[in-house]
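To find a chain, count down the sequence lines: A is the first, B the second, and so on, and within it residues start at 1.
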Amino acid sequence: MADKDNFFERVYAVVRQIPEGRVTTYGAIAKVIGAAKSARMVGYAMNASHFDDTVPAHRVVNRVGLLSGKHHFDGTNLMQQLLESEGIVIKDNKVQDFQELLWIPPVCVE
DNA sequence: GGTATGACATATA
DNA sequence: TTATATGCCATAC
């Protein structure tokens, strides 16, 4: 289903599975959706996810735990506030204990 | 249909 | 270790 949106839909599906208070990386998502080399596409998909409020893009950060995409949110620190609202500590636009908060989504089995 | 861009990642210097 | 360069793949123009 949703064979049209294939890529975006897959990204959304994974991001939507991110538990509250957890974060993940673009690379992890890319790998799970079957496009490990398309980590950039994940971020690109997130850009389009703005029309979909069911996708917690604020829980997705780059591999260093940096809120690379906070700049794309409405506010300047909206992303950070959202994460902090979930119990995640943000310092200098970076996720503290990122490694511990990092959550790897299960592989998409169709 | 080719070029340019991108919320990343990995490799090399 | 930090900085620079390249790859990768899908979207937009």
Pair Lys70(A)-Asn93(A), side-chain donor/acceptor within less than 3.5 Å: yes
Integer-rounded Å distance: dA9(B) P and Leu66(A) CG: 10 Å
Modelled atom types, side-chain donor and acceptor of Thr25(A) and Arg63(A), under 3.5 Å: no
Heavy atoms of other groups near Asp74(A) CG, more than 12 under 6.0 Å: no
Nearest-Å distance for atom pair NZ/C1', residues Lys94(A) and dC8(B): 17 Å
Interatomic distance, Ile33(A) CD1 vs dC9(C) P [rounded to whole Å]: 12 Å
Nearest listed nucleotide, side chain of Ser68(A), among dA12(C), dC9(C), dA7(B): dA7(B)
Residue Arg63(A), side-chain heavy atoms: nucleotide from dA9(B), dT11(C), dA7(B) that is nearest: dA9(B)
Sugar-phosphate, base or nothing in reach of Asn62(A), heavy atoms under 4.0 Å: sugar-phosphate
Nearest-Å distance for atom pair NZ/P, residues Lys31(A) and dG7(C): 21 Å
Phosphate-side-chain proximity, Thr25(A) and dC8(B), N/O vs OP1/OP2 below 4.0 Å: no
Length of the CG-P vector between Leu67(A) and dA7(B), whole Å: 14 Å
Sugar-phosphate, base or nothing in reach of Ala48(A), heavy atoms under 4.0 Å: nothing
d(CZ, Phe7(A); P, dT11(C)) in whole Å: 8 Å
Side-chain donor-acceptor contact under 3.5 Å, Gln80(A) with His58(A): no
hbond_proxy Arg40(A) side chain to dC9(C) base (donor-acceptor, 3.5 Å cutoff): no
Spacing between Met46(A) atom CE and dC8(B) atom P, to the nearest angstrom: 12 Å
Touch class at under 4.0 angstrom, heavy-atom based, for His58(A) against every strand present: nothing
Nearest non-hydrogen partners of Ala57(A) and Ser49(A), listed with the distance: CB-OG, 4.1 Å
Side chain of Lys37(A) - closest among dA7(B), dC8(C), dT11(C): dC8(C)
Nearest-angstrom distance from the residue atom NE2 of His72(A) to P of dC8(B): 8 Å
Polar pair under 3.5 Å, donor/acceptor by atom type, side chain Tyr26(A), base dA7(B): yes
